[in-house]
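Quick notes on the structure that follows.
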Amino acid sequence: MTIDAYVLTDWFAEKARDLPWRRPDCSAWGVLVSEIMLQQTPVARVEPSWHEWLARWPVPSALAAATPADVLRMWGKLGYPRRALRLRDAATVIAEQHDDVVPSDVDTLLALPGIGAYTARAVAAFAYRKRCPVVDTNVRRVIARAVHGAGDAGPASNTRDMADAEKLLPADDEQAARMSAALMELGAIVCTARNPRCADCPVYDSCAWQLAGKPAYAGPAKPVQKFAGTDRQVRGLLLDVLRDTSTPVPKTRLDVVWSDAGQRDRCLDSLLVDGLVEQTTDGLFALPGEH
DNA sequence: CATCCGTGGGC
DNA sequence: TGCCCAAGGAT
């Protein structure tokens with residue numbers, strides 16, 4: 001089974017959300033910033049931050065000139081703050097080696113920190129309107145259902161998933177870019193993981209999953225990530241303290257956030273290693289680069 | 001390939 | 001209410 005590109009892109013033109021990074025006047029830098037922020041963070045929480053970032057840092061060189069501390073504060077609670085540092089690192093490379101222009105070539109994009117298989121192709125497709133497969137969790141689910149008739153996508157296989165997506169793209173670059181966006185949008189607002197809105201689906205009639213009677217997902221169980229009590233939670237609590245202070249703090253200020261001293265110290269060490277925290281010469285702790 | 005890396009909202 | 005999920009990437 002396949003997915004009709006005309007039907008899906010027509011649906012996209014009529015029903016897609018009006019997101020700022022999709023507007024024709026949005027820069028490639030704006031697209032890149034959005035893609036990084038959207039890695040594991042929902043659209044609703046990204047949108048306000050995206051506007052603030054683009055207003056403050058409208059070009060890569062502007063972000064490259066900011067301190068990591070400023071960048072981490074602007075990142076706020078979007079989560080996975082290493083993304084913010086890598087985006088700043090990527091901006092530095094773009095400013096210094098690419099004349100402050102976000103690359104359009106997938107392999108060049110892949111060489112930038114924090115940019116992987118998905119983001120590189122998303123920038124090429126959405127910012128530069130290229131025909132290249134864009135595979136995220138939404139596209140994988142849509143293809144699993146509409147094409148393969150499965151209830152959900154199994155474990156990711158980059159090569160296979162990209163080949164599947166590529167087959168769905170029209171030959172024309174612009175039409176292919178629209179198709180890539182439409183596949184993602186369908187997965188995001190109609191063909192959702194839980195409670196898919198099949199009544200609103202533009203390709204319902206040809207959906208292999210629907211035609212098969214919507215069988216339940218039969219593949220291996222997906223690993224569930226715990227959060228409460230993990231290092232991830234503790235690191236978040238430690239960073240929370242440092243984001244909210246303008247001056248370096250003694251370790252005692254960090255010790256109060258978690259009772260397990262061993263875990264607390266391990267997390268602080270890992271934050272130092274990751275470059276998310278810095279220790280001053282007098283032994284105080286702060287976000288990097290603000291003293 | 002599995003695991004780790006934050007955070008919050010919906011059901 | 002606990003659990004699942006959200007435009008992934010690096011190791």
Side-chain angles (χ1 to χ4, degrees), chain A residues 12 16-17 19-22 30-50 72 75-87 89-90 109-127 133-142 152-162 165 177 180-189 191-197 217 220-243 257-258 263 266-267 270-271 273-277:
Chain A
F12 182 81
R17 294 166 292 178
L19 301 174
W21 45 86
R22 282 183 182 157
V31 172
L32 174 57
V33 172
S34 80
E35 294 300 342
I36 300 295
M37 288 183 168
L38 287 163
Q39 291 170 1
Q40 302 290 283
T41 302
V43 167
R45 275 201 287 148
V46 163
E47 201 166 345
S49 292
W50 183 88
L72 288 170
W75 192 257
K77 307 202 78 170
L78 290 178
Y80 295 142
R82 293 188 297 187
R83 287 184 292 165
L85 296 185
R86 291 189 181 127
L87 179 54
D89 292 341
L109 286 161
L110 282 171
L112 297 173
I115 297 188
Y118 162 75
T119 303
R121 289 171 178 80
V123 169
F126 303 143
V134 179
V135 179
D136 74 330
T137 183
N138 291 304
V139 175
R140 297 206 317 113
R141 184 173 56 251
V142 167
D152 214 332
S157 163
N158 210 303
T159 312
R160 171 177 56 74
D161 294 339
M162 292 220 302
S180 292
L183 286 166
M184 288 180 58
E185 187 74 349
L186 187 71
I189 68 179
C191 194
T192 50
R194 288 170 298 185
N195 306 324
R197 299 166 176 80
Y217 173 68
K222 299 159 199 172
V224 282
Q225 290 221 15
K226 299 293 182 193
F227 179 67
T230 63
D231 287 2
R232 237 154 61 250
Q233 181 184 19
V234 178
R235 283 163 57 105
L237 292 170
L238 292 170
L239 273 186
D240 225 6
V241 172
L242 299 180
R243 270 194 302 262
V257 306
W258 198 253
Q263 185 178 20
R266 181 177 70 239
C267 288
S270 73
L271 288 170
V273 168
D274 288 347
L276 289 161
V277 174

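Of the N and O atoms on the side chains of A:Q39 and A:Y118, not one donor lies less than 3.5 Å from an acceptor on the other residue. A side-chain N or O of A:R83 and one of A:T41 form a donor-acceptor pair less than 3.5 Å apart.
Between B:dC1 and C:dA10, the two C1' atoms lie 13 Å apart (nearest whole Å). Here the separation of C:dC4 from B:dT3, taken at their P atoms, is 16 Å to the nearest Å. B:dT7 and C:dT11 are spaced 23 Å apart, taking the C1' atom of each and rounding to whole Å. Taking atom C1' in both C:dA6 and B:dC5, the straight-line distance is 15 Å, to the nearest Å. For the P atoms, the distance linking B:dC4 with C:dA7 amounts to 23 Å, nearest Å.
Side chains of A:L238 and A:V257 form a contact here, defined as non-hydrogen atoms less than 4.5 Å apart. At least one side-chain heavy atom of A:L85 sits under 4.5 Å from a side-chain heavy atom of A:L276. Looking at heavy atoms from C-beta onward, A:S49 lies out of side-chain contact with A:W75 at the 4.5 angstrom threshold. Inter-residue side-chain proximity for A:L242 and A:L271 is flagged as unmet; no heavy-atom pair is nearer than 4.5 Å.
Atom CG in A:L109 sits about 15 Å away from atom C1' in C:dG8, given to the nearest Å. Straight-line distance from the CG atom of A:L186 to the C1' atom of C:dA7: 14 Å, rounded to whole Å. In this structure, CD of A:E35 is placed 14 Å from C1' of C:dG9, rounded to the nearest angstrom. Spacing between atom CZ of A:R17 and atom C1' of C:dA6 amounts to 11 Å, rounded to whole angstrom units. The CG atom of A:L85 sits 14 Å away from the C1' atom of C:dG9 (whole-angstrom rounding). Taking atom CZ of residue A:F12 and atom C1' of nucleotide C:dA7, one finds them 12 Å apart after rounding to whole Å. Rounded to a whole Å, the CZ atom of A:R140 is 14 Å from the C1' atom of C:dA6.
Between A:Y217 and A:P155, the shortest heavy-atom contact is OH-CD, 4.3 Å.
Each of A:L112 and A:A188 has a nearest nucleotide on DNA chain C; the 5'-most of these lies closest to A:A188. Heavy-atom distances to DNA chain C give each of A:R22 and A:G114 a nearest nucleotide, and the one nearer the 5′ end belongs to A:R22.
Residues A:D240 and A:R243 are paired through a salt bridge, judged by an N-O separation under 4.0 Å between the basic side chain and the carboxylate. A salt bridge does not link A:R140 to A:D152: none of the charged side-chain nitrogens sits closer than 4.0 Å to a carboxylate oxygen.
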Classify every nucleotide of nucleotides 2-11 of chain B by which part a protein heavy atom approaches to under 4.0 Å, writing B for the base, S for the sugar-phosphate alone and - for neither, in 5'-to-3' order. --BBBBS-B-
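No side-chain donor-acceptor contact under 3.5 Å links A:R82 to the backbone of A:G114.
Less than 4.0 Å separates DNA chain C from at least one heavy atom of each of the following residues of residues 118-127 of chain A: A:Y118, A:T119.
Among the atoms of the strands shown, base atoms are found under 4.0 Å from some heavy atom of A:W21. Residue A:L183 is out of contact with every strand shown, counting any heavy-atom pair closer than 4.0 Å. Residue contacts for A:V224: at a heavy-atom cut-off of 4.0 Å it reaches the sugar-phosphate backbone alone, with no base atom in range. In this structure, A:R141 reaches the sugar-phosphate backbone alone: every heavy-atom distance under 4.0 Å involves primed, P, OP1 or OP2 atoms, never a base. Looking at heavy-atom distances under 4.0 Å, A:A117 makes contact with sugar-phosphate atoms alone, never a base.
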